[in-house]
2 protein chains.
Amino acid sequence: MTKARKAILARLKSAKQPISVTELAKQLSDFCNPVTVYRNLHYLENNNLATSFVLHCSDHGTERYYSAKEGKGHHHWFHCESCHQFIDLGGCFYTEQMRQFETEHGFTVHDHTFYLTGICEDCKQELGS
Amino acid sequence: MTKARKAILARLKSAKQPISVTELAKQLSDFCNPVTVYRNLHYLENNNLATSFVLHCSDHGTERYYSAKEGKGHHHWFHCESCHQFIDLGGCFYTEQMRQFETEHGFTVHDHTFYLTGICEDCKQELGS
DNA sequence: TTATATTTGCAAATGACTTGCAAAAAGCAG
DNA sequence: CTGCTTTTTGCAAGTCATTTGCAAATATAA
Ligand SMILES: [Mn+2]
Ligand SMILES: [Mn+2]
Ligand SMILES: [Zn+2]
Ligand SMILES: [Zn+2]
């Protein structure tokens with residue numbers, strides 16, 4: 001495992017929330033090239049060391065966010081469109097319902113996306129109201 | 001209301017599922033410019049005549065999909081990554097849970113995204129297995 | 001119909017993400 | 001350690017959805 005690879009994985013592990021590639025590349029900018037970040041994130045995801053999802057935020061547009069995959073299963077998140085922090089909503093609670101949909105409609109689910117966007121408690125206060 | 005606007009809204013209304021801007025622009029290509037499609041979709045959404053969401057499909061990448069907003073509330077969808085058709089999962093059933101999350105975490109939800117991706121029944125057969 | 005406001009097309013820009021290619025680093029055998 | 005093979009990296013350039021500036025065309029108001 002190369003040092004760029006190690007650094008990226010370490011950064012993902014130390015984060016308590018998903019990070020966008022843009023942000024990650026910025027943080028590692030004097031360590032490696034953005035292209036290397038992209039390539040290694042693919043590598044990490046293919047090797048089950050990381051997971052990602054695509055989220056659209058009004059300020060930052062559409063980006064892919066990554067987290068390290070350490071034991072704990074699939075989580076869902078709330079994203080604050082003011083401070084851009086994520087709040088963990090806990091483990092996935094849709095497995096049952098997805099099975100239901102599968103039998104009901106005959107399709108096979110490969111993946112699912114669920115997230116909330118809005119304003120977090122702290123930002124509500126800072127922005128008054 | 002201009003004729004481009006009317007044509008776009010008509011197309012959205014006649015569709016029984018969300019359409020990507022790319023697809024919509026292609027369908028209306030000898031009628032108006034893609035830029036006009038983009039601009040009018042923004043107009044329609046701002047005026048509550050259409051809704052949209054961003055979805056990532058392995059084949060087509062990340063795109064925004066639009067539907068006409070005719071009475072019926074917010075729906076969720078399954079997207080087939082083989083034939084790229086959407087299957088309606090019915091009206092939104094998360095309002096209750098979102099209120100729950102709001103009180104639990106103190107944030108205010110402005111929007112939410114939920115969708116499934118996979119292979120539809122027909123495509124499973126065609127692709128054997 | 002004329003004046004004013006809005007919309008359209010075209011060309012160019014943006015921004016996330018990918019790709020070709022040659023140099024650099026990592027793995028491996030001796 | 002050393003020479004050799006494989007993988008990874010950086011750089012430049014490309015792709016693709018979406019946006020923007022600007023002047024011409026169209027719609028709306030007077
Ligand atoms: Mn954000
Ligand atoms: Mn698709
Ligand atoms: Zn916040
Ligand atoms: Zn299908």
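Convention: sequence-line order gives letters A, B, ...; per-chain numbering from 1.
For the ring pair (Phe, Tyr, Trp, His ring centres under 6.0 Å) test with Phe114(B), the passing option among Tyr94(A), Phe101(A), Phe93(A) is Tyr94(A); the others fail.
Rounded to an integer number of Å, the gap from CG of Asn46(A) to P of dT7(D) is 15 Å. Spacing between atom NZ of Lys26(B) and atom P of dC16(D) amounts to 11 Å, rounded to whole angstrom units. Look at CD on Glu23(B): it is 12 Å from P on dA17(D), rounded to the nearest Å. Residue Leu41(A) contributes atom CG, which lies 15 Å from atom C1' of dT9(D) at whole-angstrom precision. Rounded to an integer number of Å, the gap from NE2 of His60(A) to P of dT18(D) is 19 Å.
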Step by step, would you call Arg99(B) with Glu102(B) a salt bridge (charged side-chain N to carboxylate O under 4.0 Å, His left out)?
CA-CA 5 Å; Arg99(B) 296 293 151 265; Glu102(B) 286 184 318; 2.6 Å; yes
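Within 4.0 Å of Ser20(B), counting heavy atoms only, lies no atom of the nucleic acid at all. Arg39(A) comes within 4.0 angstrom of a base, heavy atoms only.
Atom CD of Glu96(B) has 12 or fewer heavy atoms from other residues, nucleotides or ligands within 6.0 Å.
The side chain of His42(B) places an N or O atom within less than 4.0 Å of a non-bridging phosphate oxygen (OP1 or OP2) of dT19(D). Side-chain N/O atoms of Tyr38(B) include one lying less than 4.0 angstrom from OP1 or OP2 on dT18(D). Phosphate contact (OP1/OP2 of dT9(D), side-chain N/O of Asn40(A), threshold under 4.0 Å): present.
Along DNA chain C, the stretch of nucleotides lying under 4.0 Å from any heavy atom of chain B spans, 5' to 3', dT7(C) to dA11(C).
Aromatic ring centroids of His76(B) and His112(B) lie under 6.0 Å apart.
The side-chain heavy atoms of Cys32(B) and Val37(B), taken from C-beta on, include a pair separated by under 4.5 Å.
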Each nucleotide N or O in nucleotides 24-30 of chain D that has a protein N or O under 3.5 Å away: list the pair and distance.
unit_1	atom_1	unit_2	atom_2	d
dT28(D)	OP1	Met1(B)	N	3.0

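Because its NZ or CZ atom is not both nearer than 6.0 Å to the ring centre of Phe86(B) and within 45° of the ring axis, Lys16(B) does not count as a cation-pi partner of that residue. At least one test fails for Arg64(B) against the ring of Phe53(B): distance under 6.0 Å to the centre or angle within 45° of the axis.
In terms of hydrophobic clustering, with Ile, Leu, Val, Met, Phe, Trp and Tyr side chains grouped at heavy-atom distances under 4.5 Å, Ile19(A) and Trp77(A) are assigned to different clusters. By the criterion of side-chain heavy atoms lying less than 4.5 angstrom apart, applied directly or through intervening Ile, Leu, Val, Met, Phe, Trp or Tyr residues, Leu89(A) is not grouped with Tyr115(A); the two fall into different hydrophobic clusters.
Place Phe31(A) and Thr22(B) on DNA chain D by their nearest nucleotides, and Phe31(A) ends up nearer the 5' end.
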